[in-house]
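A quick write-up on the structure given underneath.
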Amino acid sequence: MSRHAQTRLPSRAGLALRGLVADPWPSLLLVLLVALVACATTLWPRYILDMNGRQLPYQVSALSAQQRDLSAVWAASIVPAPDQTYSSAEETWGSLLDGLEQTRQAQPEPLRSMMQPGQFFINLGGDEVSRRPPEGTEFAQVAIENRIDPLLPEHVDLVSGEWPEIVLNPSPQLPAEAIPEGTASGPVQVLLLDQAARELNLEAGAEFADYLITGTFTPKDPEDPRWEHMPNSISVGRLYSGDLGLTGLVTAYLPPASPGSTGPITTNSMQLFYPLDAETVRGNEVDTVTAQLIALSSTQQDLRLPEDPADFDTQINSPGINLSQPPVRTTFSTEVLSTFEALSQQQRATASILAVVAAGPTGVALAVFALAARLITSRRQPTLALAAARGASRAQTRGVMALEGLLVGVPAAVVGHYAAGLINPGASGWGEWVWVALVGLAPAVLLATTTSTAGRSSRRDLRSRAVSRLRVLVEVIVLALAGVAVWRLFDRGLTGVTQTPVEEQSSGTASPAVAVDTGVDLLMAATPILLALAACVITLRLYPAPVHALMAFFRGRRGLTSFLGAARAVRDPAGGVIPALAVILGVSVAVLSTVLASTISTGTELGVWRSTGADVRLSGPQWSDDEVAALLEVEGVAAVASARPAANNLDLTTEDAVSRGLNVYIVDSNLPQVWADTPLAPLPDALFTSSGATPVLTGGGLEPGSETGTLEQLGPVEVVGHVDTLPGVRTRGEFLVVDRTRWEAAGGSTPRGDVVLVRADDPEQTDALATALQGAVPNALAETPRDKLEVFQEAPVTGTMLSLFIAAVIATTVLTVLAVLFVQLMGAAARTSLFAVLRTVGLSQRQARGLTTWELGPLVAMACAVGAALGLIVPWLLLRAIDLTGLTGGTEQPTLAVNWVVLGPVALGILTAVALAIAVSATMSGRADLTTQLRRGEER
């Protein structure tokens, strides 16, 4: 054979590149889609991580230092060691400071970085006796607390005088001969706050009672949270008593090197604390820190241990007693643990909800990828058929398309990932690359699996009976999985934070460490996808019936468009599983996101109202009837009611059981007036109007089966209802609610109120009313629902989740429109050939557009209805599967809320976008070139 007769077949890469060059637009569109999806899959977890990272310090910073920090109390009797000079704080307290640091360093990360260097101070016992202050002060008496702060010089500036010296006076425990020469004796030398010295008319060098004031100081940083642990350190406390008058509370600081005693034995209280810095904790480390805090707070810490075991003896009457440096063993605790547990619960809820929301765009994106792959392979089909005719195997043709998919997908996914870094550089971990890799490889897999070398397309009748056994099997599996998933969600009930002890492998015993599960609820995340697939199966099963009915209906009617459109929908449908799934997911995500946002928003508002209990809630002082009545004189007050606990816990006896030690809350009879026109559910009218035995409401976990009973000290009662909580009142456990009028009529005594609920004349002016009430009662704390709601809405989790909901709606809408366009483009060739023939017999462009609309119109309409129903079902399931109180801030699970003012425009927007996509493709199909299409038909 001559060299001119030799045929040189191109390589796979060459064939793939030729296809790209010859018809680049579908591939370029797929490149753009891959890059955008890779960017979105990278940004989504980053924004969640950023949200959790900002939410953590936001909630922790709302706590006081005493609530936030790890703290412990240690009490012991201390006697100075004989012949010791105590020359510096390092000599006296250095071993304890070292022990605090060693304990901190022994903690695992990230708790170790969160814990700041430990600090402590000592309150000397037995010296809190009130004394008469100098002349000319406003105080009737002054109470002085003796305190030692080893780190005081680092945090204060000396204003006048000098630092005090250690004073050791002889005592039975410390004889005079045991005191080193040169050690001061006499009045205890102390340092006073400059403000305290001025208010007590004292100055440096003055003696007062048993003290010698050697100097005064001011704090370097009054805002330093450490001062919150040390009451009356940077301000003078005031305590008013009607019998004693005004008492000043002052702290006197002994030298930092003081051993904790001035000679005589004293029982001291040492306050130890580790400041906690929440800024050091990443958003995805909340569960880890929660477990580490639980482990730390459940074990005893050895902060200072003597070298000699005999020195462990600290019993007062023991011969081997050592009271100079007793061992320090204590357990730290913190109220921030409950905040971390709430954050863990919140993160579990947000992770599961956002996984459900993200599943929609992810499913639609996969559907669009599949449609784009089918579009590309349909455009490459003539080339692949020619290659197959020349000897290319099926594996080779699939390899060519897979190679094109790699050339298209992998670089685009990498570019999308790095583009996300320009928007949000905070990486969430190596897991990002897993999703980027899946997105980058998806085009190769889809192009390879959809490749076909068939020369002609076959007719696909829409007949429900002509179904393969494989399809029936797949549909049964999908429906079964969806049913099992829903059953499991209902069976398990609400889920929150679960704590599982971690077993030590070496010993086989349970370790104090606790594993806190705050990840995605996989069952909850998978159930909506399974429901969407099940809905798609049902939709496609039901779809033939109405289409056949429409074809039969239009068969006897005048006009070609409707009948031919219905016939083409039966004989050669453009739709299928993929476009139906895309539309169902797109619409369901739009409805789901809107309904979830409304539910969380409504639940938050109701939770705030339940916490506050009225337009304004006043708490703090004990309220007499005259003081409550005086509030009505404040401008803007419409009604006032008080709620108060009874003086004693009482026992309730019914036919079924005896409930002991119940809290009884007495509410004023005008409470319904205060709650009128508010979101709060009214109390049963029978509580105030029943004429039989004293009516009561059961509350909390108390739900007696009997409607009648006997209440200790009150007599017969009638249970007229139940409430989970009493709005505005911090209820605990099991309780009863009773009307004050009926309570007093039955012989009960009414104590002073501790909560007053106020209704405003103008609900829009509650802030001004709260200010006025605060001025009328300076010692009261005024709270309004508006203020609490604003604080909650400013939380990072609230704004970020709303933004992600909006992003999901926009993304699914755009992807759904693309899915519709891709479906129409895939059928463009066959449609244009048909229109060319029909145009020769008088088909107008308007009729051609109508035929194009018929191809997807019925399927899209049915899929939209199913998607909307699914978008309402999934939030309903969420409320029964995940505890959302961490998101609403309330104590009760919110109810499903549908805000039609918001949902209507959202649903209308996505339907309009899909309709426009169908209309655009129909318009383009109606403008096909008749001459060109007929010439191509002659060539074939």
Side-chain angles (χ1 to χ4, degrees), residues 33-52 283-284 346-369 413 416-417 420 423-424 426-429 431-440 442 485 518-533 535 581-597 599-600 797-816 818-819 867 870-871 873-875 877-878 881-882 884 887 906 910:
L33 282 174
V34 169
L36 291 176
V37 172
C39 182
T41 55
T42 302
L43 287 175
W44 188 272
R46 290 188 181 186
Y47 278 117
I48 294 177
L49 178 62
D50 177 70
M51 172 188 71
N52 292 333
N284 58 353
Q346 183 186 84
Q347 286 193 3
R348 181 173 175 82
T350 56
S352 299
I353 288 174
L354 292 176
V356 170
V357 173
T362 302
V364 181
L366 289 175
V368 172
F369 278 2
H417 173 75
I423 301 173
N424 187 338
S428 60
E432 291 181 350
W433 284 104
V434 174
W435 292 105
V436 172
L438 292 175
V439 172
T518 60
V520 175
D521 187 337
L522 296 179
L523 178 61
M524 188 65 251
T527 301
I529 296 295
L530 293 174
L531 285 176
L533 290 172
L581 182 62
V583 175
I584 288 173
L585 285 175
V587 175
S588 66
V589 167
V591 176
L592 163 70
S593 301
T594 306
V595 172
L596 278 178
T599 299
I600 294 173
V797 68
T798 305
T800 303
M801 285 196 68
L802 180 60
S803 300
L804 292 178
F805 284 162
I806 295 174
V809 172
I810 295 174
T812 50
T813 302
V814 173
L815 290 171
T816 303
L818 288 176
L870 186 64
I873 292 174
V874 173
L877 286 174
L878 277 172
I882 299 178
L884 299 184
L887 289 174
V906 170
I910 191 171

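- The distance from atom CD1 of Ile810 to atom CD1 of Ile910, rounded to the nearest 0.5 Å, is 11.0 Å.
- A heavy-atom distance below 4.5 Å is found between the side chains of Ile423 and Cys39.
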**Request:** Kindly determine whether Leu877 and Leu531 satisfy side chain to side chain contact (heavy atoms under 4.5 Å, CB included), including the steps that lead there.
**Result:** CA-CA 11 Å; Leu877 286 174; Leu531 285 176; 3.4 Å; yes
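- When all heavy atoms are compared, the tightest approach of Leu581 to Ala532 is CD1-O, 4.1 Å.
- Looking at Thr812, its side chain does come within 3.5 Å of a backbone N or O of Val809 through a donor-acceptor pair.
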**Item:** Leu818 vs Leu33, side chain to side chain contact (heavy atoms under 4.5 Å, CB included): CA-CA, chis, key distance, verdict
**Value:** CA-CA 10 Å; Leu818 288 176; Leu33 282 174; 3.5 Å; yes
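- Among residues two or more places apart in sequence or in another chain, the side chain to side chain contact (heavy atoms under 4.5 Å, CB included) test is passed with Ala365 by Val37, Leu815.
- Legend: residues meeting side chain to side chain contact (heavy atoms under 4.5 Å, CB included) with Ala485, ordered by chain and number and at least two apart, are Leu523, Thr527, Leu530.
- Applying the side chain to side chain contact (heavy atoms under 4.5 Å, CB included) rule to Leu354 yields the partners Trp44, Ile48, Met51, Met801, Leu804, Phe805; only residues at least two apart in sequence or on another chain are considered.
- Residues satisfying the side-chain hydrogen bond (donor to acceptor under 3.5 Å, both in side chains) criterion with Thr800, sequence neighbours excluded, are Arg54.
- Scanning both residues, Ala38 and Ala413, for their nearest heavy atoms gives CB-O, 3.5 Å.
- Scanning both residues, Leu43 and Ala420, for their nearest heavy atoms gives CD2-O, 3.5 Å.
- A distance of 4.5 Å separates CD1 in Ile353 from CD1 in Ile600, rounded to the nearest 0.5 Å.
- Expressed to the nearest 0.5 Å, how far OG1 of Thr816 lies from CD1 of Ile584 amounts to 11.0 Å.
- Qualifying side-chain hydrogen bond (donor to acceptor under 3.5 Å, both in side chains) partners for Thr42, counting only residues two or more places apart in sequence or in other chains: His417.
- The shortest side-chain heavy-atom distance between Val589 and Val364 does not fall under the 4.5 Å cut-off.
- Judged as a side chain to side chain contact (heavy atoms under 4.5 Å, CB included), and not counting sequence neighbours, the contacts of Leu36 are Leu32.
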